[in-house]
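Accompanying notes for the structure given below.
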Amino acid sequence: MAQRAHVLKMYRTILRTGHRWQAIDAEQTQTERQYILAEARSLFKQGRKAPEDQVPTRLKEAEARLELAIHYQNPYPRMMNSAPGAVAKAKRRQKRQEAIRKQAIPLYLQSLQLESEKTKK
């Protein structure tokens, strides 16, 4: 039950942030607010169907994304940088490199990774 309360508290915090959001460019404020609210709704709806063991990870992701958005004043996910040599040149190494890339995905981008895997299937 404590987990449910924590999830609801995080959801309310994100919605409150979305309603109060001020963009760097005043013309983009409404667009960024809509993005924050829509993204929160869709990710928390997906989280309803998630197994219990994934809830703490998803909460950490939500906290990380919120902190990054507030710090950088940018609600959109930040792209990750690949390590040098992470792109395989030989076909035989591509599977290993793909596994390394999946492990290197930061916590705040894991939900986006899950969405892209669903669309590929």
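As a basis for the values below, the full set of heavy atoms in this structure was taken, side chains included, without hydrogen atoms, waters or symmetry mates.
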- Query: What heavy-atom pair brings Pro75 and Ala69 nearest, and what distance separates the two atoms?
  - Reply: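 Heavy-atom minimum between the residues: CA-CB, 3.9 Å.
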- List the atom of Asp53, the atom of Pro56, and the distance in Å for their closest heavy-atom pair.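 Between these two residues, the closest heavy atoms are O-CD, 3.6 Å.
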Which distance, rounded to the nearest 0.5 Å, do you find between the [atom1] of [X] and the [atom2] of [Y]?
X: Ile14; Y: Arg41; atom1: CD1; atom2: CZ; answer: 12.0 Å
X: Gln54; Y: Gln46; atom1: CD; atom2: CD; answer: 10.5 Å
X: Arg33; Y: Thr31; atom1: CZ; atom2: OG1; answer: 11.0 Å

- Message: Evaluate His6 against Gln3 for side-chain contact (heavy atoms from CB on, under 4.5 Å), listing each step before the verdict.
- Response: CA-CA 5 Å; His6 192 63; Gln3 226 175 15; 5.6 Å; no
- Task: Can you run down the ring-ring contact (aromatic ring centres under 6.0 Å, His included) pairs that involve residues 39-79, sequence neighbours left out, and say none if there aren't any?
- Result: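 Counting only pairs at least two positions apart or across chains, the ring-ring contact (aromatic ring centres under 6.0 Å, His included) contacts touching residues 39-79 are Tyr11-Phe44, Tyr35-Tyr76.
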- Can you name the side-chain hydrogen bond (donor to acceptor under 3.5 Å, both in side chains) partners of Gln34, sequence neighbours left out?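 For Gln34 there are no side-chain hydrogen bond (donor to acceptor under 3.5 Å, both in side chains) partners, ignoring immediate neighbours.
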Could you give the side-chain donor-acceptor pairs of residues 15-25 under 3.5 Å, partners two or more places apart or in another chain?
| from | atom 1 | to | atom 2 | distance (Å) |
| --- | --- | --- | --- | --- |
| Thr17 | OG1 | Thr13 | O | 2.8 |
| Trp21 | NE1 | Glu32 | OE1 | 2.7 |
| Asp25 | OD1 | Glu27 | N | 3.4 |

- Item | Residues in side-chain contact (heavy atoms from CB on, under 4.5 Å) contact with Leu8, at least two apart in sequence or another chain |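 Expected list: Arg4, Arg12.
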